[in-house]
Amino acid sequence: MTEEVTISARNVIKAFGQGSASVRALDDVSVDIRKGEFFTLLGPSGCGKTTLLRLIAGFEMPTGGTIELDGVDITTLPPNKRPVNTVFQSYALFPHLTVAQNIGFGLQMQGKPAAQVKARTNEMLELVKLESLANRKVGQMSGGQQQRVALARALAPQPKVLLLDEPLSALDLQLRKEMQSELKRLQMETGITFVFVTHDQEEALTMSDRIGVMSNGKLQQVGTPKEIYTTPKNRFVASFIGETNFLPGTAEDGAVRLSNGDRIAVETLRAVDKGRAVTVTVRPEQVRIGPAGKDALAAKVTSLVYFGTDTHCHVALSDGTEIVVRLQSPASGDAGLSIGQDVGISFGPGAAQVVED
């Protein structure tokens, strides 16, 4: 069964400046965002993710390409003609108004009857669990409470798409984690398509149905959090999502030969890769460490870093290539290893992946 698409961007280009000074913030981006999903645009500052969000919202016009919403071309429609709402990083609330007045403001601007505004405002207050604070001025509220008000105000008109531009970045760590769960709950309860922009990989992995990873104005890979993490398309995606080890080598039949002569089995190698210089990526938690032996890569422990729940063991292969191994810390905090110890390194089935540079 084909998934119903809400937002469809096709060959979108956005250039700023003229002539030789022109800079492409978006470079031929195409993506389909499905109805009712939590879709995250993830990437570093300047990668183009917020620019794409602003094009969907109508705050910017593309230099080329089209944007459709439910099959209707909205490329040149002004923001007020699009069934889309945006939650900004700054929230943009009215500090002199109460919570209820802020939530109902957009509905009043649409000319909705007073009774309808009140009923919908009460629904939103219940949804974001702020019923007891309905008459409080938002200027007297915490950052997390203001975030909920901004979400309720944006959801009140029942948009088809809710755009969220790094709305959690101003919150402290604990509150940010709480709001991650809250955002996912709101998305599931309302069934509205959420398009979320962030540079935080943890937010993307824990909240999203699918992720679009962006870099230098291009969409590098789109997939579920598991797909993005376990089968990254290229070196950038592998390095931006979580920690990983990169091992350069030469492709052989079903394996990669490292510079020191060791071989790593790689199931995903293609016949055309044979003899080509390639890069293998292996996540630290997928590396196994044990006694030195003929069935493992010979390595020496160079450092041990304790992180509480995990201990990162840094080892060096015979040519000095470093590999990080993530081990679950025992209750004593002692991983049972020592610096300078000779060990054997191996990888589980499917752990080693070849990625494009």
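All heavy atoms count here, side chains included; hydrogens, waters and symmetry mates do not. Residue indices begin at 1 and follow the sequence shown.
The residues Arg10 and Asp32 are annotated as salt-bridged, a charged nitrogen and a carboxylate oxygen being separated by less than 4.0 angstrom.
Residue Ser208 holds its OG atom at 9.5 Å from CG of Leu41, rounded to the nearest 0.5 Å. Interatomic distance, Gln89 CD to Leu164 CG, rounded to the nearest 0.5 Å: 12.0 Å. Summarising the geometry, atom CD belonging to Gln180 is positioned 10.5 Å from atom CG belonging to Leu175; distances are rounded to the nearest 0.5 Å. To the nearest 0.5 Å, atoms OG1 (Thr63) and NZ (Lys14) are separated by 4.5 Å. Of the inter-residue distances, the one linking Glu356 atom CD with Gln220 atom CD reads 9.5 Å to the nearest 0.5 angstrom. Rounding to the nearest 0.5 Å places CD of Gln187 at 13.0 Å from CD of Glu182.
In this structure, Val87 and Pro167 approach most closely via the heavy-atom pair CG1-CB, 4.2 Å. Closest approach of Gly65 and Thr75 over heavy atoms only: O-CG2, 3.8 Å. Of all heavy-atom pairs spanning Arg153 and Pro157, the tightest one is O-CD, 3.3 Å. Scanning all heavy atoms of the two residues, the minimum distance from Asp253 to Arg263 falls at O-NH2, 3.7 Å. A pairwise comparison of heavy atoms in Gln146 and Val138 identifies NE2-O, 3.0 Å as the closest pair. Looking at every heavy atom in both residues, Asp209 comes nearest to Gly36 through OD2-O, 4.4 Å.
Thr198 and Asp200 share no side-chain donor-acceptor pair at under 3.5 Å. Side-chain atoms of Ser329 and Thr311 form a donor-acceptor pair, as typed in the model, at a separation below 3.5 Å. Side chains of Thr86 and Asp165: a donor-acceptor N/O pair is absent below 3.5 angstrom, by distance only.
Under the 4.5 Å side-chain criterion, counting only non-hydrogen atoms from C-beta, Val325 is not in contact with Val343. With contacts defined as side-chain heavy-atom distances shorter than 4.5 Å, the pair Leu127/Arg148 does not qualify. In this structure, the side chains of Arg210 and Val222 come closer than 4.5 Å at one or more pairs of heavy atoms. Side-chain contact between Thr193 and Ile7 is absent, with no heavy atoms from C-beta onward closer than 4.5 Å. With a 4.5 Å cut-off on side-chain heavy atoms, Met179 and Arg176 do not count as touching. Within the 4.5 Å cutoff, the side chain of Gln221 has no heavy atoms near those of the Asn234 side chain. Using a 4.5 Å cut-off on side-chain heavy atoms (C-beta onward), Ile13 and Arg24 make contact. Side-chain contact check for Lys129 versus Arg185: some heavy-atom pair is nearer than 4.5 Å.
Phe246 belongs to a hydrophobic cluster whose other members, connected by ILVMFWY side-chain contacts under 4.5 Å either directly or through intermediates, are Val355. Hydrophobic cluster of Phe236: the remaining members, joined at side-chain heavy-atom separations below 4.5 Å, are Leu42, Leu205, Ile211, Val213, Ile228, Tyr229, Val237, Phe240, Ile241, listed by chain and number. Counting side-chain heavy-atom gaps under 4.5 Å among Ile, Leu, Val, Met, Phe, Trp and Tyr, the cluster of Leu97 also holds Phe94, Phe105, Met109.
No more than 12 heavy-atom neighbours from other residues, nucleotides or ligands sit within 6.0 angstrom of CE on Met188. Taking a 6.0 Å sphere around CD of Gln110, one finds it holds more than 12 heavy atoms contributed by other residues, nucleotides or ligands. Other residues, nucleotides and ligands contribute only 12 or fewer heavy atoms inside 6.0 Å of the NZ atom of Lys35. Shown here is Asn216, whose CG atom has no more than 12 heavy atoms of other residues, nucleotides or ligands within 6.0 Å. No more than 12 heavy atoms of other residues, nucleotides or ligands shown are found within 6.0 angstrom of CD on Gln18.
Side chain of Arg326 to backbone of Pro284: no donor-acceptor contact under 3.5 angstrom is found.
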